[in-house]
Amino acid sequence: MKKKFIGANWKMNLLQSELEVLLLELSSISIQEDAPEFVIFPSQIYLSDCINRSNLSFGAQDIHSENFGAYTGAVSAEQVKSTGAKFVLVGHSERRSIFQESNTLIKNKVDAAVNASLELVFCCGESLDKRDAVTEKEFVLSQLKEGILHLSAEKISTCVIAYEPIWAIGTGKVANSQQIEEMHTFIRETRVHQYGAEIANSIRIIYGGSCTPSNAREIFSLNNVDGGLIGGASLNFESMTTLLNSF
Ligand code: PGA
């Protein structure tokens, strides 16, 4: 059976000393056989330190699409892989909007990640405008088509797709159960057409956007929801442990 997945996206939060405290607390959790796969995405500068201090799994919040070269300030997939990190987030809406990342750039990052054997958490999700115009499904499908659906069945089966409606991220405005289930089922069913049922069912589709201990159990029980990508609520030990136990 495929494992559920919980990602803790720490974004540009936590000083070294704060991170050490939280990491120590989280590392004390005893992970049971049937527990979700738990991956932390700290700021890149802390990645090696986290890996050396803890036996939890880690990933990078972003990569450059090139492997090496004169790209001051950037970090490549190969470099992330060489720290021992297993995962990378690609296509987060904050990267798409604040850093103006296009679908083409995101596709190149997807390829860089796959070539470096990093596991991908590919983010997609619509703005409120798109939802109000009832074009959210076409929009999310175009993000998937232009960003990740060129991957072979073998490659895509190990990917995690995070559906994160932009209007729900960091706003406290969570999507309702019907909206989440409809979009996740749509993503799953369109993948069945492309890759067949076995591969489509092996892809984990997780939800992100104001997911907290008080709504997680309901969200994680929905059809085609295989876990969550958690921002704000992942910065606190108590809420993180509740979230991990919400299946
Ligand atoms: P949030 O962020 O949980 O704070 O809404 C989720 C995300 O950006 O991945």
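Both counts, for ligands and for their atoms, begin at 1 and track the order of listing.
Of all the atoms in ligand 1, the ones that sit under 4.0 Å from a non-hydrogen atom of G232 are 1 (P), 3 (O), 4 (O). For ligand 1, the atoms closer than 4.0 angstrom to any heavy atom of K11 are 2 (O), 7 (C), 8 (O). Contact atoms of ligand 1 toward G209: 5 (O) (distance under 4.0 Å to a heavy atom of the residue). Taking a cut-off of under 4.0 Å to the non-hydrogen atoms of L229, the atoms of ligand 1 that pass are 6 (C), 9 (O). For ligand 1, the atoms sitting less than 4.0 Å from at least one non-hydrogen atom of H92 are 7 (C), 8 (O), 9 (O), numbered in the order shown with element in parentheses.
Any N or O atom pair closer than 3.5 Å counts here, and T171 shares no such pair with ligand 1. For the pair G231 and ligand 1, the shortest N or O to N or O distance falls below 3.5 Å. Geometrically, ligand 1 and G170 share a nitrogen or oxygen pair separated by less than 3.5 Å.
In this structure, R191 forms no cation-pi arrangement with Y195, as its terminal cationic atom is not both closer than 6.0 Å to the ring centre and no more than 45° off the ring axis. Judged by the 6.0 Å distance and 45° axis criteria, K130 is positioned over the aromatic ring of F139.
Between D226 and the choices R188, R204, H184, the side-chain hydrogen bond (donor to acceptor under 3.5 Å, both in side chains) rule is met once, by R188.
D49 is linked by a side chain to side chain donor-acceptor pair (under 3.5 Å) to Q16, R53, counting only residues two or more places apart in sequence or in another chain. Applying the side chain to side chain contact (heavy atoms under 4.5 Å, CB included) rule to L15 yields the partners S17, E18; only residues at least two apart in sequence or on another chain are considered.
Looking at N9 against ligand 1, only its side chain comes within 4.0 Å, counting heavy atoms.
Remark: side-chain polar atoms of T158 are not paired, donor with acceptor, to backbone N or O of E154 under 3.5 angstrom. Side chain of W10 to backbone of S234: a donor-acceptor contact under 3.5 angstrom is found. S43 places no side-chain N or O within 3.5 Å of a backbone atom of Y46 that could act as its donor or acceptor partner. In this structure, the side chain of S152 engages the main chain of K155 through a donor-acceptor pair within 3.5 Å.
In this structure, S210 counts as a contact residue of ligand 1, since one of its heavy atoms falls inside 4.0 Å of the ligand. The shortest heavy-atom distance from A168 to ligand 1 is under 4.0 Å. Residue A233 places every heavy atom at 4.0 Å or more from ligand 1.
Counting only heavy atoms of the protein, atom 9 (O) of ligand 1 lies nearest to E164 OE2, 2.7 Å.
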